[in-house]
Amino acid sequence: MHRSASRLTRVLACAAVPVVLTVAGCSSDSGKESAAKDEKKSGSSASSKPGEKSKPELEKAAFATLPDPCKAIQAGTIDTLVPEAKDKNGTATKSNDLATRASCSWNGLDEDGLKGSQYRWLSLSYFRTDSHASLGNANKRAEEQYGKQVEAAKASEGAQNVKAEAAEGLGDQGTSIVYSVKKDVDFFNTTIVARTQNVVVTLDYNGAAYEGAGAPDQAKLLQDAIAAAKEAVGAVAGANKPAEQPQSPQPQ
């Protein structure tokens, strides 16, 4: 009887060993599988596609809106540049997207009896760019547009004696282009192209003399055009100033 009991004890002990090993083995494999899953998740979150470079974030455009071009130049400046303007408030050009393109123009004929007449024409245009994933940074796009405007002014139809120079004090970039065009009389033209951040400003100013009046002074036309362009550039920053918050009343 004692011998049978001892044999039974040994059988149960041997039978228990595989069970323990099996449990331990399952526990070990489960841990490895869990760790592998965690590692895979970690690797997946770090890079969805190995070797893929993340695209740099685009800069937000500095200016989100454009000023009213018909109000960007002071009334006194309009009186100086375009005496006897037909409409001192200017004529706005129609646009489907005033947040991107806007322009205004003035013209007038100043008659002085037997001394003849002086004609003046002024035009102001704004072009604003945004940052775009496929087109690039807003300022970079504005630089390209600025270059195109300068080249377009130089290549104006019928332009003679074209002269382009850097113009200071006009935002980030500025160029003046002067030339003459022969029509029924000589027209003396000045174009100012400026860039302030992501906005390109183009100001055209020309003059002509009729009925024996003296030809316009090209140097004076250029000086007046630059002065007006500075006002137009300054109006961009003014149009993008944050609205002032009303102040809370102070306790008495």
Side-chain angles (χ1 to χ4, degrees), residues 66-95 98 101-127 149-150 152-165 167 169-171 174-194 196 199-236 238-239:
L66 291 175
D68 182 341
C70 292
K71 297 179 181 178
I73 300 175
Q74 297 178 20
T77 303
I78 297 297
D79 287 340
T80 300
L81 271 65
V82 191
E84 302 300 325
K86 288 182 181 179
D87 185 354
K88 293 186 179 183
N89 294 320
T91 302
T93 302
K94 291 182 180 180
S95 172
L98 291 174
R101 300 171 184 264
S103 60
C104 188
S105 63
W106 300 259
N107 69 86
L109 183 66
D110 185 12
E111 299 177 311
D112 194 11
L114 296 175
K115 293 182 179 179
S117 304
Q118 291 285 343
Y119 174 79
R120 296 290 185 272
W121 182 80
L122 174 68
S123 172
L124 172 63
S125 299
Y126 287 109
F127 185 93
Q149 290 294 95
V150 171
K154 290 186 198 178
S156 295
E157 185 177 355
Q160 300 174 351
N161 305 316
V162 179
K163 185 179 180 182
E165 291 183 338
L170 292 169
T175 300
S176 67
I177 304 99
V178 296
Y179 56 94
S180 60
V181 175
K182 183 71 175 179
K183 296 182 181 179
D184 49 342
V185 295
D186 288 328
F187 276 76
F188 297 95
N189 296 262
T190 299
T191 298
I192 308 296
V193 183
T196 173
V199 175
V200 177
V201 181
T202 304
L203 184 139
D204 291 300
Y205 183 46
N206 66 56
Y210 288 92
E211 299 170 351
D217 184 340
Q218 282 186 300
K220 182 68 166 59
L221 290 177
L222 175 59
Q223 180 183 352
D224 289 343
I226 290 177
K230 286 180 178 179
E231 292 183 14
V233 169
V236 176

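Here the structure is a predicted model, which means the values were calculated and not measured. Numbers here are sequence positions counted from 1.
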Closest heavy-atom pair and its distance - S125, S103: OG-CB, 3.3 Å
Partner residues of T202 under the side chain to side chain donor-acceptor pair (under 3.5 Å) criterion, sequence neighbours left out: Q149
Tell me which donor-acceptor pairs under 3.5 Å the side chains of residues 81-90 have, and how far apart each pair is, sequence neighbours excluded?
from : atom 1 : to  : atom 2 : distance (Å)
D87  : OD1    : N89 : N      : 2.9

Within-4.5 Å side-chain heavy-atom neighbours: L203 and I73: yes
Where A153 and Y179 come nearest, the two heavy atoms and their spacing: O-CE2, 3.9 Å
Shortest non-hydrogen contact between D204 and T191, atoms and distance: OD1-OG1, 2.6 Å
Whether E231 side chain and Q74 backbone form a donor-acceptor pair below 3.5 Å: yes
Spacing of W121 atom CH2 and N189 atom CG [to the nearest 0.5 Å]: 8.5 Å
Nearest atoms (heavy-atom pairs only) where Q118 meets A208: OE1-O, 3.5 Å
Candidate pair L98 and L66, rule side chain to side chain contact (heavy atoms under 4.5 Å, CB included), full reasoning: CA-CA 8 Å; L98 291 174; L66 291 175; over 6 Å; no
Flag, side chain of S95 to backbone of R101, donor-acceptor distance under 3.5 Å: yes
Results of salt bridge (Lys or Arg N to Asp or Glu O under 4.0 Å) for D224 - residues two or more places apart only: K220
L170 vs K230 side-chain heavy atoms within contact, under 4.5 Å: yes
Non-hydrogen side-chain atoms of L222 and I192 separated by less than 4.5 Å: yes
Residues V201, Y126; criterion side chain to side chain contact (heavy atoms under 4.5 Å, CB included); working and verdict: CA-CA 5 Å; V201 181; Y126 287 109; 3.6 Å; yes
Which residues share a salt bridge (Lys or Arg N to Asp or Glu O under 4.0 Å) with D186, sequence neighbours left out: K182
Working for side chain to side chain contact (heavy atoms under 4.5 Å, CB included), residues W106 and R120: CA-CA 8 Å; W106 300 259; R120 296 290 185 272; over 6 Å; no
Salt bridge (Lys or Arg N to Asp or Glu O under 4.0 Å) partners for K71, two or more places apart: none
CA sep, side-chain torsions, deciding dist, call: V178, F188, side chain to side chain contact (heavy atoms under 4.5 Å, CB included): CA-CA 8 Å; V178 296; F188 297 95; over 6 Å; no
For A167 against S176, the heavy-atom pair lying closest together: CB-N, 4.2 Å
Side-chain touch D184/Y210, heavy atoms, less than 4.5 angstrom: yes
Check: F187 main-chain N/O paired with Y119 side-chain donor or acceptor under 3.5 Å: no
Heavy-atom closest contact (L124 atom, P69 atom, distance): CD2-O, 3.6 Å
Atom pair CD1/NZ of I177 and K163 - distance to nearest 0.5 Å: 13.0 Å
Set of side chain to side chain donor-acceptor pair (under 3.5 Å) partners for T91, sequence neighbours left out: none
